Protein chains: 2
Amino acid sequence: MKRVTIHDVARSAGVSRQTVSRALNDKAEIDGGTKQRVLDAARTLGYRPSRFARGLVRQDTVTIGLVIPDLRNPFFTEIAASALEAARARDWHVVVHDTADSPEREIGTLRVIGSQVDAVVGYFSQSEEEIERHVAGLPVVFLGREHRNPRFSSIRIDGEAGIAAAVDHLVAAGHTRIGMLDHNRRNEPSIRQRWFRTAAASAGLVLDPGWILGANQSVDGGALAFEALHAAHPEITALLTFNDIIAIGALRRARQLGLRVPADLALIGFDGLELGALIDPPLTSVAIDTNRLGTLAIEDVARLLAGDRAAAPEDLVVRGALRLRGSA
Amino acid sequence: MKRVTIHDVARSAGVSRQTVSRALNDKAEIDGGTKQRVLDAARTLGYRPSRFARGLVRQDTVTIGLVIPDLRNPFFTEIAASALEAARARDWHVVVHDTADSPEREIGTLRVIGSQVDAVVGYFSQSEEEIERHVAGLPVVFLGREHRNPRFSSIRIDGEAGIAAAVDHLVAAGHTRIGMLDHNRRNEPSIRQRWFRTAAASAGLVLDPGWILGANQSVDGGALAFEALHAAHPEITALLTFNDIIAIGALRRARQLGLRVPADLALIGFDGLELGALIDPPLTSVAIDTNRLGTLAIEDVARLLAGDRAAAPEDLVVRGALRLRGSA
DNA sequence: CTGAAAGCGCTAACAC
DNA sequence: GTGTTAGCGCTTTCAG
């Protein structure tokens, strides 16, 4: 299985390697007949140019690594699709990695990807130091998380106003006992939970600590967590969730338990997935513009790659907006 | 923005380039102190090995191109996720392309990808000749479609038995006027439609040609097409669809039109998406094991890459199986 | 343990 | 029009 090189083609066609190169790259200065002969020889031999040799000599092709915790979560799918689209417009290649939300995988991914791409975009749970150690010098754009390292950048997801609007909406509808299903990663409260607490406080609500529970980021996770929450605190009449997937699980379980949504339980998710419009009742949610998120990320990678500084943090923000549908 | 090369690091550390290489690649034969000095110099200079130069000399790293018509369709998301997973197990890189179901984009993708990967997997609408022209010599594994070129391969989706089971199920429930919402690409009936016709004939059903209509592959497409179909042929009591996305659109529109599902309209999709379980009523569907599909594809790429022939066609099949949920 | 030489496969510059 | 000469940046012999 020896590799066929440009040399073999040249010999077979009875020309120099340079001429082969010219024929293959559609250069002008070449005789029609010669060109055809070379092309035929190449085809016969099954010749394929080495992308490495080619990349080495003409320093174009940009490849970026996109790191996603869970491609099957529609929120990340949308981000990936948007980023792909933005990258395509620049003729960049994107290698995609799904870390399955696992820190070990994340490290493995970084190590592998780190030596094969020109920049990295994505979701990471590791510390910046740890990441830096593996990508050594690569530009990195974080999604939904802050950064310190000046060679990095980040697209922030700001749900503060959106969540405040959600809480106000619930309060206006008469709810006072509002719970939250947060994520449960590292047993650390999410920033979204903090926004919720702040909004609740501003609205004059007093939150029972038991009203906030962690859930796995999946439909089942939401269902399970809601069941537990409802059993312990049946007094809750409204619920915010870390994301739409969890909300959907909660909504289903709530209905299975005989609760009417939104009459008995008002529900507001986070993400604003299209998927939310398909369920019954349609899910009210704090919507994130994933398209903007993906596009901003790619744009900022372009800046970093060009040696410029990242855009100003205030321009690298995607703000959540309350999207009223049927569940609240 | 001159590139820092191994040479610069060598000079800065006062050693030869090979020594730098040894330090960076954790080779054994090197003095601890020297190594540290080199590593420090590399870090200070912000040195990053060129993936091209490295790839040129050690012919490992495999990159495959995954071509998907629409990442936002969960069916393709699942395939992508599975393929990514299978590729990760082999330490392969996967560059993902979304062709947005457009033939022009598909060609563009092939051209770009063709020179940057070692093999291609995906969905294509172009002819094999056209594809061959752009990827010149690359192994290609088609998803859900046959192939002729011996250097290609394909994973077939066989829904014949599944669709027959679906039709039988409907007939057993007393349905005789069964419609179908097919895809509408190139105005060509899909193979799934053929399976449907065959199954219907076997069941002794006589199909009115007007009962089969094309739909865009989206929720809205399904809704629109169903509305048209229902308006023209209200006598239809059961419906098969090209895929689940279309089915979901049809189901929603049917309910909006006051039809009860499955009482007034029994509905069976194709794909078996998890998503189908979330809607109301849960969607009955001919389910495809996307995980197997993605895994088989990657396995066969491995064969082709190793210079072996593709596996036997009868082993490269994913069969649809009727998954009963609530809609039929 | 370290350096010198050779070459991976290709293309850009310059010759002819 | 076509061939020759140089590298692109790295690792792999093989000497020392």
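As the structure is a prediction and not an experimental result, all values here were calculated from the model. All heavy atoms count here, side chains included; hydrogens, waters and symmetry mates do not. So that the names make sense, note that chain A is the first sequence line, chain B the second, and so on, each numbered from 1.
Phosphate proximity of D:dG3 to A:S16: present, with a side-chain N or O under 4.0 Å from OP1 or OP2.
Summary of the strand contacts: A:N25 and B:T34 both lie near DNA chain C, and taking for each the nucleotide with the nearest heavy atom, the more 5' one is attributed to B:T34.
Between B:E85 and A:R105 there is a salt bridge, with a side-chain nitrogen of the basic residue lying less than 4.0 Å from a carboxylate oxygen of the acidic one. We find that A:K35 and A:D26 are joined by a salt bridge, their nearest charged nitrogen and carboxylate oxygen being less than 4.0 Å apart. By the 4.0 Å N-to-carboxylate-O rule, A:D70 lies too far from A:R72 to be salt-bridged with it. Electrostatic pairing of A:R185 and A:D101 counts as a salt bridge here, judged by a charged N lying under 4.0 Å from a carboxylate O.
Of the listed nucleotides (C:dG9, C:dA6, D:dA6), C:dG9 has the atom at the smallest distance from the side chain of A:R3. The nucleotide whose nearest atom lies closest to any side-chain atom of A:T19 is, among D:dG9, D:dG3, D:dG1, D:dG3.
B:D60 places its CG atom 13 Å from the C1' atom of D:dC10, with the value rounded to the nearest Å. For the pair A:I30 CD1 and C:dA12 P, the interatomic distance rounds to 14 Å; values are reported in whole Å. Between the CD atom of A:Q36 and the P atom of D:dG1 there is a distance of 17 Å, rounded to whole Å. Going from atom CZ of A:R11 over to atom P of D:dG3 covers 15 Å, rounded to whole Å. The distance between atom NE2 of A:H7 and atom P of D:dG3, rounded to the nearest whole Å, is 13 Å. Computed from coordinates, the B:L56 CG to C:dT11 P distance equals 12 Å when rounded to whole Å. Distance, A:I6 CD1 to D:dT4 P: 14 Å, rounded to whole Å.
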N/O-N/O pairs, protein side and nucleotides 12-16 of chain D side, under 3.5 Å:
none

Assess the residue pair B:D118 and A:R48 against the criterion (salt bridge (Lys or Arg N to Asp or Glu O under 4.0 Å)); give the C-alpha distance rounded to whole Å, side-chain angles, the decisive distance to 0.1 Å, and a yes or no. CA-CA 10 Å; B:D118 302 300; A:R48 314 210 64 253; over 6 Å; no
Steps toward ring-ring contact (aromatic ring centres under 6.0 Å, His included) verdict (B:F142, B:Y123): CA-CA 6 Å; B:F142 291 111; B:Y123 278 86; 9.8 Å; no
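At least one side-chain heavy atom of A:F52 sits under 4.5 Å from a side-chain heavy atom of B:T61. At a threshold of 4.5 Å between non-hydrogen side-chain atoms, the residues B:I155 and B:V317 do not count as touching.
Between the side chains of A:S16 and A:Q18, no donor-acceptor pair of N or O atoms lies under 3.5 Å. Counted by atom type alone, B:H93 and B:T63 present zero donor-acceptor pairs between their side chains at under 3.5 Å.
Among A:I30, A:D8, A:L39, A:V15, the single residue meeting the side chain to side chain contact (heavy atoms under 4.5 Å, CB included) criterion with A:V20 is A:V15.
For the helix from C:dC1-D:dG16 to C:dC16-D:dG1, the terminal axes (five pairs an end, C1' atoms, rotation from four pairs onto the next four) enclose an angle of 40°, given to 10 degrees.
Within a heavy-atom distance below 4.0 Å of DNA chain D, the residues of residues 47-55 of chain B found are B:Y47, B:R48, B:P49, B:S50, B:A53, B:R54.
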